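Down below is the structure, laid out as structure tokens.
FYI, side chains are in, hydrogens and waters are out, and symmetry mates aren't considered; it's all heavy atoms of this structure. Remember, predicted model here, so these are calculated numbers, not experimental data. To find a chain, count down the sequence lines: A is the first, B the second, and so on, and within it residues start at 1.
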2 protein chains.
Amino acid sequence: MSSSSRVKVVLACDLGPEIMPLLYERKDLELVVWAKDTACDRDWLLKNAVGATALIVLVNNKVDSELLDAAGPQLRVVSTMSVGYEHCNLPELAKRQIKLGYTPDVLTDAVADISIMLALMAGRNARETMTVVNEGKWPSYNWAPFLFCGPQLSATPSHPKRTAGFVGFGRIAHATLARLVPFGFTQCLYFSNPSSPLKPSRDASLCESLRLAPGAIRRVDLAMVAEESDVVFVLTPGGKETNSLVDEAFLRKMKKTSVLVNTSRGSVVDSDALAKALHEGWIWGAGLDVVAGEPKITAEHPLVREPRCAILPHIGSATLETRIDMATLAVKNALAVIDAEEMPAGLDLA
Amino acid sequence: MSSSSRVKVVLACDLGPEIMPLLYERKDLELVVWAKDTACDRDWLLKNAVGATALIVLVNNKVDSELLDAAGPQLRVVSTMSVGYEHCNLPELAKRQIKLGYTPDVLTDAVADISIMLALMAGRNARETMTVVNEGKWPSYNWAPFLFCGPQLSATPSHPKRTAGFVGFGRIAHATLARLVPFGFTQCLYFSNPSSPLKPSRDASLCESLRLAPGAIRRVDLAMVAEESDVVFVLTPGGKETNSLVDEAFLRKMKKTSVLVNTSRGSVVDSDALAKALHEGWIWGAGLDVVAGEPKITAEHPLVREPRCAILPHIGSATLETRIDMATLAVKNALAVIDAEEMPAGLDLA
């Protein structure tokens with residue numbers, strides 16, 4: 001088959017030896033791959049997108065009218081290896097009738113895992129205490145009854161009530177809540193986009209399947225999530241609507257022994273307000289997998305300077321199992337459109 | 001009441017403003033308290049124990065014949081604020097008919113919490129990835145499909161089986177297993193002291209209450225725990241019988257993607273063998289709350305030098321709630337013996 005008769009697929013990164021064979025085995029495709037270990041160069045992408053039928057991209061590749069124009073009118077699908085699609089201009093895609101594939105669901109468990117990890121790390125002072133050991137200072141500490149103590153995630157017989165708060169209550173929040181139940185969590189308060197409908201039957205069946213008391217899961221206003229929760233999990237999409245939802249007013253309403261966990265998008269939390277909250281002890285600690293402005297976060301960033309702030313470099317979905325599943329789904333989404341089949345995970349742009 | 005007619009109680013540390021009033025309100029007691037912020041001086045303890053009816057001690061206070069002789073024949077109770085009692089000479093206590101109080105159960109949840117935290121941290125490369133952020137190196141990393149990836153704690157649809165292994169299977173292990181169930185764990189293999197009886201009905205009812213399949217919890221030999229588990233939790237008492245149970249032979253049998261968690265006693269794991277296992281990639285990572293020889297662990301310790309080893313300075317029970325409960329129980333144990341009542345948590349020395 002000549003190059004010109006083949007369907008051009010452009011990949012903004014090499015998806016590795018487990019996934020690339022799904023594409024290489026297709027002799028009807030012309031594959032163009034950014035093969036370097038660095039982020040895909042914008043100029044390279046604009047140049048190579050020309051004539052493509054499918055683009056497979058990552059969160060750091062902006063999908064805007066410039067890129068879509070550069071590709072040309074034959075472009076039929078953009079497939080992003082991510083659950084978020086803030087880097088994609090949805091109206092421009094819809095206008096051109098280009099389909100958008102993404103990778104929801106497959107990363108739910110990986111992100112729920114790291115949400116639990118960060119909740120524990122924030123309460124138990126993991127960054128501070130690991131530093132004590134790593135810097136060789138353990139020998140200089142003597143055991144004392146309240147040394148290194150933090151608030152306990154689990155309920156105890158003398159403190160039998162625990163409340164989880166969620167800003168955003170989708171699949172990852174549900175998976176996180178399920179993991180909290182055997183820690184003795186008794187209540188769940190969540191805030192959702194005010195324009196979305198109430199879901200009383202969904203909440204009731206979630207209570208039942210998680211063996212929580214009837215009514216234990218309640219949709220409330222944002223202030224109540226802040227005031228009542230022992231842990232607040234930020235698990236809402238990014239974008240303008242959720243920008244700085246967790247701001248100074250929210251943080252001032254939280255309990256001194258509560259912790260904040262953000263494993264969704266950095267923009268949802270006001271970094272300066274959080275740094276102030278930690279510095280002045282409005283809350284106990286924070287666990288962040290995302291920070292506004294990432295990855296340009298230096299050692300001088302106000303949150304990096306707070307010892308009670310455990311920060312990870314956006315590794316929520318970074319497990320071997322999940323990334324293989326995400327990459328496979330991204331490839332399958334692209335191939336489905338090429339083969340005129342339904343995408344396994346396409347976003348409805350209508 | 002004159003000093004001489006009061007009952008002398010010696011405390012190897014101040015238990016803080018929440019607990020000390022339980023003692024101060026008792027006008028029949030003469031309280032002698034090591035009030036400094038450092039570890040209780042041995043000579044001070046030997047000198048002040050003279051004439052005591054009760055000693056309230058910590059894990060770093062050796063309770064041996066020298067101390068018991070120094071106290072004198074009127075000593076009726078030693079109460080340790082710990083679940084472990086390796087620092088106490090049990091035969092010497094039994095010989096003198098001195099009762100021993102300790103603090104089991106109240107720290108179960110706090111230690112189970114940190115066991116889950118360390119299992120997640122070991123798999124998700126938390127020490128390495130936090131260091132990337134803390135040292136300001138996040139900006140130099142570009143997103144790539146498998147950057148920072150580690151094995152996932154949770155089961156996934158494409159990898160639906162997960163096996164937890166336990167070296168020692170007491171209360172803390174049960175509480176840890178309960179927390180793992182919503183992560184999708186399907187199997188539990190445990191090793192117990194070979195001289196202890198099989199407990200098939202206990203295991204069957206544990207399966208049922210945790211909603212695991214019948215037979216999912218099985219007692220096996222040590223080699224099988226090593227070979228089959230995705231995470232191995234070391235949760236067994238210290239002492240000669242368990243010394244270096246986790247040695248080079250054990251670690252060589254583990255899977256390359258498995259992690260080791262030790263939240264019990266450092267002596268159970270051979271540190272040099274573990275450092276070698278991490279350095280040479282026999283296993284994925286380790287999460288330790290305890291290290292043999294602690295707290296004399298410097299930055300040059302072979303385990304501290306391994307980036308895949310997340311080490312905490314023995315904070316398993318260090319939550320505000322649990323330490324208050326432990327200190328309260330330690331005081332109640334001592335007072336019970338003074339008042340000729342049954343201790344809420346006394347060890348049977350018979």
Side-chain angles (χ1 to χ4, degrees), chain A residues 13 15-16 37-39 58-60 109-110 113-114 116-117 120-121 124 127 129-130 132-136 138-139 141-154 156 158-159 178-179 181-183 294-299 304 310-313 315 318-323 325 327, chain B residues 13 15-16 37-39 58-60 109-110 113-114 116-117 120-121 124 127 129-130 132-136 138-139 141-154 156 158-159 178-179 181-183 294-299 304 310-313 315 318-323 325 327:
Chain A
C13 82
L15 298 175
D37 220 7
T38 57
L58 307 175
V59 279
N60 51 4
D109 289 308
D113 283 7
I114 216 154
I116 297 295
M117 181 178 106
L120 286 160
M121 288 175 68
R124 301 299 287 273
R127 179 175 165 188
T129 53
M130 281 219 298
V132 164
V133 177
N134 294 347
E135 294 184 349
W138 193 358
Y141 283 90
N142 287 299
W143 202 93
F146 296 95
L147 180 68
F148 301 134
C149 278
Q152 182 162 316
L153 187 65
S154 283
T156 72
S158 48
H159 295 79
R179 283 159 176 75
V181 173
F183 286 84
E294 68 182 56
K296 289 178 186 160
I297 306 297
T298 67
V304 179
I311 311 178
L312 302 171
I315 59 166
T319 70
L320 303 165
E321 293 89 337
T322 287
R323 288 285 169 85
D325 287 348
Chain B
C13 82
L15 298 174
D37 220 7
T38 57
L58 307 174
V59 280
N60 51 6
D109 289 307
D113 282 7
I114 217 156
I116 298 295
M117 180 178 108
L120 285 160
M121 289 175 69
R124 301 299 287 273
R127 178 174 166 190
T129 53
M130 281 219 298
V132 164
V133 177
N134 295 347
E135 295 184 350
W138 194 357
Y141 283 89
N142 286 297
W143 201 93
F146 295 97
L147 181 68
F148 300 135
C149 279
Q152 182 162 317
L153 188 65
S154 283
T156 72
S158 48
H159 294 80
R179 284 160 175 73
V181 172
F183 286 83
E294 69 183 54
K296 290 179 185 160
I297 305 298
T298 67
V304 179
I311 311 179
L312 302 171
I315 60 166
T319 69
L320 304 165
E321 294 89 337
T322 288
R323 287 283 169 86
D325 287 347

remark   = Comparing A/Val59, A/Thr38, A/Val132, A/Asp37 against chain B, the one with the most heavy-atom pairs below 4.5 Å turns out to be A/Thr38

query = Of all heavy-atom pairs between A/Ala310 and A/Met121, which one has the smallest distance, and what is that distance?
reply = CB-CE, 4.2 Å

ask   = Based on non-hydrogen pairs under 4.5 Å, which of B/Leu58, B/Leu147, B/Asn134 is most in contact with chain A?
value = B/Asn134

ask   = Side chain, backbone, both or neither: which part of B/Glu135 has a non-hydrogen atom closer than 4.5 Å to chain A?
value = backbone

request  = Name the member of B/Ile315, B/Thr322, B/Val181, B/Thr298 that forms the most heavy-atom pairs with chain A at distances under 4.5 Å.
outcome  = B/Ile315

remark   = Between B/Ser154 and A/Arg179, the two heavy atoms sitting closest are OG-NH2, 2.6 Å

note = From the list A/Met117, A/Arg124, A/Met130, the residue making the most non-hydrogen contacts under 4.5 Å with chain B is A/Arg124

Inter-residue atom distance A/Phe148.CZ - B/Thr319.OG1, 0.5 Å rounding = 15.0 Å

query = Quick one: what part of B/Leu15 sits under 4.5 Å from any heavy atom of chain A, side chain, backbone, both or neither?
reply = both

ask   = Okay, side chain of B/Gln152, backbone of A/Glu321: is any donor-acceptor separation there less than 3.5 Å?
value = no

request  = Would you mind telling me which of B/Pro313, B/Ala110, B/Gly150, B/Pro139 has the largest number of heavy-atom pairs within less than 4.5 Å of chain A?
outcome  = B/Pro313

key: Between B/Val133, B/Ile116, B/Ile114, the one whose heavy-atom pairs under 4.5 Å with chain A are most numerous   = B/Val133

remark   = Highest number of heavy-atom pairs under 4.5 Å with chain A among B/Ala144, B/Gly16, B/Gly136, B/Ala178 belongs to B/Gly136

query = Partners of A/Ser158 by side chain to side chain donor-acceptor pair (under 3.5 Å), sequence neighbours excluded?
reply = A/Thr156, B/Asp325

query = Under a 4.5 Å heavy-atom cutoff, which of B/Glu294, B/His159, B/Arg127, B/Lys296 has the most pairs with chain A?
reply = B/Arg127

note = All heavy atoms of B/Leu312 vs all of A/Trp138, minimum pair found to be O-CH2, 3.8 Å

ask   = So what's closer than 4.5 Å to chain A heavy atoms on B/Asp113: side chain, backbone, both or neither?
value = both

note = Most contact-rich option vs chain B, by heavy-atom pairs under 4.5 angstrom, among A/Cys13, A/Pro145, A/Ala299, is A/Pro145

remark   = Okay, B/Ala327 and chain A: the region with an atom under 4.5 Å from a heavy atom over there is neither

